[in-house]
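Each remark here refers to the structure printed beneath this line.
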Amino acid sequence: MNAMLLPMRAGRSAVLLALAAVLAACASGPTENISLIPAQTAEQTSKDGLFTQPIKWERGKPGCKGECPKLELDSIIFPGVPRLTELIDHALATMTDIAGNSAAPYSTIAGYEDYFWKTAAARDSTLLSARTRYRNRHITLVELNSWMYKTGAAHGMSATQFLNWDNDHQKVLGMNDVLQNGARPAFEAALQRVHAQWLQNHPDAQRDPEGFRRVWPFQPSENFGLSDQGIVVKYDSYQIAPYSSGQPELLIPYDQLQGVLRPEYMPG
């Protein structure tokens with residue numbers, strides 16, 4: 001079990017490091033003391049958000065016959081924001097590095113495709129996808145997903161990374177950008193409370209509460225997404241629950257984040 005967890009965590013760290021490079025380029029947050037989150041769900045509309053176009057294809061290894069490795073992409077591009085498009089491409093490519101190899105010989109999906117055809121076994125398969133989970137005039141939340149199957153494995157391995165994009169300042173928003181100074185412990189306490197509520201509805205946790213908590217203890221996460229209802233925190237398989245639980249999501253409502261989030265990230 002630990003051997004499976006380490007590659008996923010290392011891969012997650014690689015993605016976060018890639019996004020950190022963008023954060024360093026634009027470290028300042030919003031200066032206007034106005035809410036960037038609409039007060040009503042109805043105000044979350046595609047027409048107010050960034051324009052997107054789909055990019056989708058499925059390919060087999062060139063020249064291969066019989067059982068062949070496959071690569072699939074189901075993503076989006078932002079024609080008006082090439083920087084965001086490039087970042088999504090780079091982040092998805094980074095998420096294929098499940099072994100945590102920081103010196104991967106590629107940094108784009110095109111580079112990964114070339115590497116994949118050279119190294120993949122007959123039944124290897126990779127699916128990379130991106131979609132907008134939430135968007136308004138000011139904020140775009142993109143969910144990045146990777147699923148990889150290695151020949152001979154019991155099942156495929158998946159990973160998810162949220163990318164919160166500030167439309168106005170053309171930058172990625174990290175945890176420190178949305179939390180008030182010194183509020184990280186309060187945020188983690190709120191996350192732990194909703195985790196406890198999530199356990200109450202989890203069948204495996206209900207059958208053996210103590211055993212479940214011992215094997216799958218709570219852990220904080222920086223994989224967060226802004227939404228119209230609150231902060232969504234998503235975990236990869238095996239992080240806080242067994243593989244059969246998929247990728248758990250925990251939602252912290254905004255009313256539990258008073259004094260925790262910066263005012264501009266609370267609903268108007």
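Residues S107 and Y112 have side chains that never bring a donor and an acceptor to within less than 3.5 angstrom of each other. Using a 3.5 Å distance cut-off with no hydrogens or angles, the side chains of S245 and H202 do pair a donor with an acceptor. For the 3.5 Å distance criterion, the side chains of N145 and R131 fail to qualify, holding no donor opposite an acceptor.
Remark: R213 CZ to I240 CD1 distance equals 11.5 Å, nearest 0.5 Å. The line from CG of L144 to CG of L92 is 5.0 Å long, rounded to the nearest 0.5 Å. In this structure, L87 CG and T85 OG1 are separated by 9.5 Å, a value rounded to the nearest 0.5 Å. Rounded to the nearest 0.5 angstrom, R83 CZ and E86 CD are separated by 9.5 Å. Rounding to the nearest 0.5 Å places CG of D177 at 10.5 Å from NE2 of H169. Atoms CD and CG, on Q197 and L251 in that order, are 10.0 Å from each other to the nearest 0.5 Å.
Taking all atoms of both residues into account, the shortest heavy-atom contact from S227 to Y254 is O-OH, 2.5 Å. Between L128 and S146 the shortest heavy-atom distance is CD2-CB, 3.7 Å. In plain terms, the two heavy atoms of A121 and P69 that are nearest each other are O-CB, 3.5 Å. What you find for P79 and I77 is that their closest heavy atoms are CD-O, 3.4 Å. Counting all heavy atoms, side chain and backbone alike, F187 lies closest to S221 at CE2-O, 4.4 Å. Between M95 and M148 the shortest heavy-atom distance is O-SD, 4.4 Å.
Panel note: side chain Y134, backbone V142; no donor-acceptor pair is recorded below 3.5 Å. In terms of modelled atom types and a separation under 3.5 Å, the side chain of E222 and the main chain of G174 share no donor-acceptor contact. A donor-acceptor pair is defined here as one N or O able to donate and one able to accept, closer than 3.5 Å; such a pair exists between the side chain of T151 and the backbone of D124. Without hydrogens or angle criteria, R133 side chain to E143 main chain gives no donor-acceptor distance under 3.5 Å. Judged by distance alone, with hydrogens and angles left aside, the side-chain atoms of Q161 form no donor-acceptor pair with the main-chain N or O of A91 at under 3.5 Å.
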Quiz item: Could you walk me through whether V194 and Q256 pass the side-chain contact (heavy atoms from CB on, under 4.5 Å) check?
Solution: CA-CA 10 Å; V194 298; Q256 297 184 27; 3.9 Å; yes
Quiz prompt | Test log, rule ring pair (Phe, Tyr, Trp, His ring centres under 6.0 Å), inputs H155 and Y149 | solution = CA-CA 7 Å; H155 53 69; Y149 176 77; 8.8 Å; no
Quiz item: Given the rule in the side chain to side chain donor-acceptor pair (under 3.5 Å) test, do T96 and Y115 qualify, once you have shown the distances and angles that lead to the verdict?
Solution: CA-CA 11 Å; T96 64; Y115 174 83; over 6 Å; no
Quiz prompt | Worked verdict on V172 versus L163 for side-chain contact (heavy atoms from CB on, under 4.5 Å) | solution = CA-CA 7 Å; V172 177; L163 190 158; 4.3 Å; yes
Practice problem: Tell me, with the steps shown, if F224 and M175 meet side-chain contact (heavy atoms from CB on, under 4.5 Å). | Solution: CA-CA 8 Å; F224 78 97; M175 187 70 78; 3.8 Å; yes
Exercise. Evaluate side-chain contact (heavy atoms from CB on, under 4.5 Å) for Y106 paired with D114, printing each intermediate quantity in order.
Key: CA-CA 9 Å; Y106 52 83; D114 182 63; over 6 Å; no
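Applying the salt bridge (charged side-chain N to carboxylate O under 4.0 Å, His left out) rule to pairs touching residues 153-164 yields nothing, sequence neighbours excluded. Residue pairs meeting the salt bridge (charged side-chain N to carboxylate O under 4.0 Å, His left out) criterion with at least one partner in residues 58-68, sequence neighbours excluded, are R59-E113, E67-R123.
In terms of the side-chain contact (heavy atoms from CB on, under 4.5 Å) criterion, residue partners of D74 (sequence neighbours excluded) are, by chain and number, K56, S129. For D168, the side chain to side chain donor-acceptor pair (under 3.5 Å) partners are H138, not counting sequence neighbours. Contacts of F218 classified as ring pair (Phe, Tyr, Trp, His ring centres under 6.0 Å), with partners at least two apart in sequence or in another chain: H195. A search for side chain to side chain donor-acceptor pair (under 3.5 Å) contacts involving D208 returns nothing, not counting sequence neighbours.
Hydrophobic clustering, with ILVMFWY side chains joined whenever heavy atoms are under 4.5 angstrom apart, keeps L127 apart from L71. A continuous path of hydrophobic side-chain contacts links M266 to I252 [ILVMFWY only; heavy atoms under 4.5 Å].
The ring of Y243 has its center closer than 6.0 angstrom to the ring center of Y238.
Here the side chains of W198 and E249 are not in contact, with every heavy-atom distance at 4.5 Å or above. At least one side-chain heavy atom of L173 sits less than 4.5 Å from a side-chain heavy atom of L226. Side-chain atoms of V260 and Q180, non-hydrogen and from C-beta on, never get closer than 4.5 Å to each other. The shortest side-chain heavy-atom distance between T160 and D236 falls under the 4.5 Å cut-off. Side-chain contact between W165 and L50: present, with at least one pair of heavy atoms (C-beta onward) separated by less than 4.5 Å. Contact of the V233 side chain with the F162 side chain is not registered, since no non-hydrogen atoms from C-beta on lie closer than 4.5 Å. For the pair F78/N167, no side-chain contact is recorded, criterion being any heavy-atom separation below 4.5 Å from C-beta on. In this structure the side chain of T140 reaches within 4.5 angstrom of the side chain of T132, judged on heavy atoms.
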